Amino acid sequence: MPHSKPRVIYWFRTDLRLHDSPALQAALDLDPEVFYPIWTWDPHYVYRARVGANRWQFLTDCQRDLSSSLTKLNPKQKLHLIREAPQTVLPKLFKLWSITHLVFEKDTDAYARDRDRGVMKLAEDAGVEVIVKMGRTLYDPNELVKHNGGRPTMSMAQTQKAAAALGDPAKPIPPPTSLPDPGDTDLSSIDHQRPDPTPDLNAAHRDLSHKESQYTSIMGPNKDFSIPTLEEMGISGATTPHRGGETIALRTLDTIISNSDYTGLFEKPKTAPTAFSPQSTTLLSPHHHFGSLSIRLFYWRVQEIYQKRKQAQKPNSSIPESLHGQLLFRDMYFGAQAAVGAPFAQEVGNPICKFVDWHLRSKLNEHNLLAGDYIVDNEKAESYFRRWKFGVTGFPWIDALMRQLRLEGWIHHLGRHAVACFLTRGGCYVHWERGAEVFEEWLIDHEVACNSGNWMWLSCTAFFSQFFRVYSPVAFPKKSDPAGEFVRHFVPELKNFDKKYIYEPWKAPIVDQRKWGCLVKGRGV
DNA sequence: TGTTAGGTTGCGTGC
DNA sequence: GGCACGCAACCTAAC
């Protein structure tokens, strides 16, 4: 039976918000007869991407918050979380729900691009119209590249120039004030396809005493499209204090914006990487990753502050150190990624990445893409790598950062510089791809474009080449934390050490080491 | 085709 | 404590 009004699936992915969503707006502008906000619980991310407990928690925080916001707009609505791969379940939904339109925000990562290309073909086959809108960055990365002569955006100067040609970023659009009903949602007639759980890159995070049950039923254990719990994922050990969701994101943004001096004078290089509780930067990056905060809303609210301060003749910081600069850096990396494509996250086949004969090179698959494993060419390098990962190098500054990363899923940008420099050109000569994989696993704000870009930057393989600028694990943290409070917090075995030795405890006399309760250098070593 | 200046965020020294 | 300077295996846009 032909339908006069559109029947729309809105496919949420990394755009977990209602405010300033061009794609959501486009879906609602269709004036749908029925509207299905869905999330597909994709086995690719569950098993084949590296995602630790803290990021799973952040994601499900965002999903729960979004779902409750949808319900507030229409009590019949929620985020319909469907536990099957999008590639297999979407065609079944198109048919079952007589869908006319599929709408989603563009995702620029390699897997997502392939997935979306496939899904668009399936939609075409089913006679479903697809609407895709860019909403993740200040500028469409492809447009930035076009205005950079078709080349990857490799510096802030290039990015600023291309951005200037494109004009101001779009103004944010308000959230919807109402939502149409969903139609019939029962999926029990669907032939549920459960994924193959092997190989499971996240096996280390699964608690073997719990059996995972995330894919047992397509609508969840209570057949209500519930968001999977960490228990259902078989994952335990989320330890981060940083929580997700649009509500928290908007509240955090308000707090930042309400501090005119902080917002107007923000200069990244002057923020302390040793500050914790509270941190010295905004901690909004995970919200940008999951889309619980619009990048354009942040940009324009900061712009308002700049304007007001200018009128009051107060100083403002400027790009690249300013808050606007931080947002533009993100666009620079997205632009570079867009021009390079899938090899952006690796060295081989990546035209912007310089070859260095690092230890622990990646194994590649038949397409010359990372195979998920690496070659141990050198036992010492492997040992350095493992000690780096788990925060037992013996350099307190490095160990404190890596422990904070594992525990909280976030470390300051300059802390990331310090540990990345240390693992690669600064000390261990381990391949930057190893470090990037650890960040992928542990960061709650992991973003392929920014992560790969920053690792190439710090390893001097792209974007940056002044190899002689090395972060000292002793001198660098001293600048902002001479007493070593950060180290004392995250490496508590050193908490009694005198500040004279806090960054190089091996220099403390053995008698003092005994007195302070931690023997760094035993006799005979 | 050559030269030059500049690049978000270094360190150690000396004043 | 703050600043200037040398270090010196770079890269590349702009002229």
Side-chain angles (χ1 to χ4, degrees), chain A residues 138 144-145 147-165 262-275 279-282 285 299 302 306 315-336 339-340 347 350-358 395 397-398 401 411-427 429 432 449-451 453-483 486 499 503-504 507:
Chain A
L138 291 174
L144 269 189
V145 171
H147 284 271
N148 192 46
R151 288 180 294 273
T153 38
M154 295 302 293
S155 72
M156 282 295 277
Q158 289 177 14
T159 309
Q160 270 183 280
K161 217 167 142 187
Y262 180 84
T263 302
L265 297 172
F266 184 96
E267 286 179 70
K268 183 64 133 313
K270 289 190 183 158
T271 60
T274 45
Q279 295 78 9
S280 59
T281 49
T282 67
S285 50
Y299 177 94
V302 169
Y306 289 160
N316 280 316
S317 50
S318 56
I319 293 171
E321 292 87 1
S322 63
L323 282 174
H324 272 186
Q326 305 313 304
L327 301 185
L328 204 62
F329 264 109
R330 188 168 168 277
D331 268 50
M332 175 185 83
Y333 285 135
F334 272 86
V340 170
E347 176 200 278
N350 183 346
I352 67 167
C353 181
K354 189 189 289 181
F355 171 86
V356 174
D357 193 16
W358 307 109
F395 290 92
W397 162 239
I398 301 299
L401 285 164
I411 53 178
H412 187 280
H413 187 67
L414 293 177
R416 300 180 198 200
H417 278 212
V419 298
C421 182
F422 183 91
L423 182 69
T424 58
R425 67 190 165 89
Y429 289 89
W432 62 267
C450 301
N451 192 44
N454 276 325
W455 274 93
M456 285 187 270
W457 185 300
L458 265 301
S459 59
C460 285
T461 46
F463 299 101
F464 180 73
S465 47
Q466 287 169 266
F467 54 86
F468 40 85
R469 292 193 184 168
V470 174
Y471 290 86
S472 152
V474 175
F476 188 69
K478 259 186 200 166
K479 281 189 285 187
S480 59
D481 186 10
F486 178 77
K499 69 175 185 178
Y503 293 113
E504 36 193 351
K507 286 192 178 168

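Numbered from 1 within each chain, the chains take letters A, B, ... in sequence-line order. Remember, it's a predicted structure, so these values are computed and weren't measured experimentally.
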Taking only the P atom of each, what is the distance from C/dC5 to B/dA5 in whole angstrom? 16 Å
Ignoring hydrogens and angles, tell me if any N or O in the side chain of A/Ser317 forms a donor-acceptor pair with the backbone of A/Ser322 under 3.5 Å. no
Side chain to side chain contact (heavy atoms under 4.5 Å, CB included) partners for A/Val302, two or more places apart: A/Ile257, A/Thr263, A/Phe298, A/Tyr306, A/Leu323, A/His324
Checking A/Ile352 now: which residues fulfil side chain to side chain contact (heavy atoms under 4.5 Å, CB included) with it, not counting sequence neighbours? A/Pro152, A/Met154, A/Val340, A/Phe344, A/Asn350, A/Met456, A/Ala462, A/Phe463
I'd like to check the side chain to side chain donor-acceptor pair (under 3.5 Å) partners of A/Gln160; sequence neighbours left out, ordered by chain and number. none
Look at all strands and tell whether A/Gln158 reaches a base, only sugar-phosphate, or nothing, counting heavy atoms closer than 4.0 Å. sugar-phosphate
Tell me every residue that passes side chain to side chain contact (heavy atoms under 4.5 Å, CB included) with A/Ser318, counting only those two or more places apart in sequence or in another chain. none
Please examine the side chains of A/Lys268 and A/Thr281, heavy atoms only from C-beta on, and report whether any two atoms are closer than 4.5 Å. yes
Tell me, which pairs form a side-chain hydrogen bond (donor to acceptor under 3.5 Å, both in side chains) where one or both residues lie in residues 467-479 of chain A, sequence neighbours left out? A/His417-A/Tyr471
Ordered by number, residues from residues 468-479 of chain A within less than 4.0 Å of DNA chain B (heavy atoms) are A/Arg469, A/Val470, A/Tyr471, A/Ser472, A/Ala475, A/Phe476, A/Lys479
Would you grab the first and last nucleotide of DNA chain B (5' to 3') that comes under 4.0 Å of any non-hydrogen atom in chain A? B/dG7 to B/dG12
May I ask you to check whether A/Asn454 and A/Tyr333 show a side-chain donor-acceptor distance below 3.5 Å? yes
Which is the 5'-most and which the 3'-most nucleotide of DNA chain C that has an atom under 4.0 Å from a heavy atom of chain A? C/dA9 to C/dA14
How would you list, by chain and number, every residue that makes a side chain to side chain contact (heavy atoms under 4.5 Å, CB included) with A/Lys270, sequence neighbours excluded? A/Glu267
Show your working on ring-ring contact (aromatic ring centres under 6.0 Å, His included) between A/Trp397 and A/Phe486 and close with a plain yes or no. CA-CA 8 Å; A/Trp397 162 239; A/Phe486 178 77; 5.7 Å; yes
When the ring planes of A/Tyr262 and A/Phe266 are compared, do they come out parallel, tilted or perpendicular, using 30° and 60° as the limits? perpendicular
Between C/dC15 and B/dT1, how far is it from one C1' atom to the other, in whole Å? 12 Å
How would you list, by chain and number, every residue that makes a side chain to side chain donor-acceptor pair (under 3.5 Å) with A/Thr274, sequence neighbours excluded? A/Ser480
Let's test your reading of the pairing rules: Watson-Crick or G-U wobble, both distances under 3.5 Å, then write DNA chain B as a dot-bracket string with ( ), [ ], | and dots. .||||||..||||||
Interatomic distance at C1', C/dA9 relative to B/dT9, whole Å: 22 Å
Using the P atom on both, measure C/dA14 against B/dT8 and round to a whole Å. 13 Å
Side chain to side chain donor-acceptor pair (under 3.5 Å) filter on A/Ser459, not counting sequence neighbours, yields A/Thr461
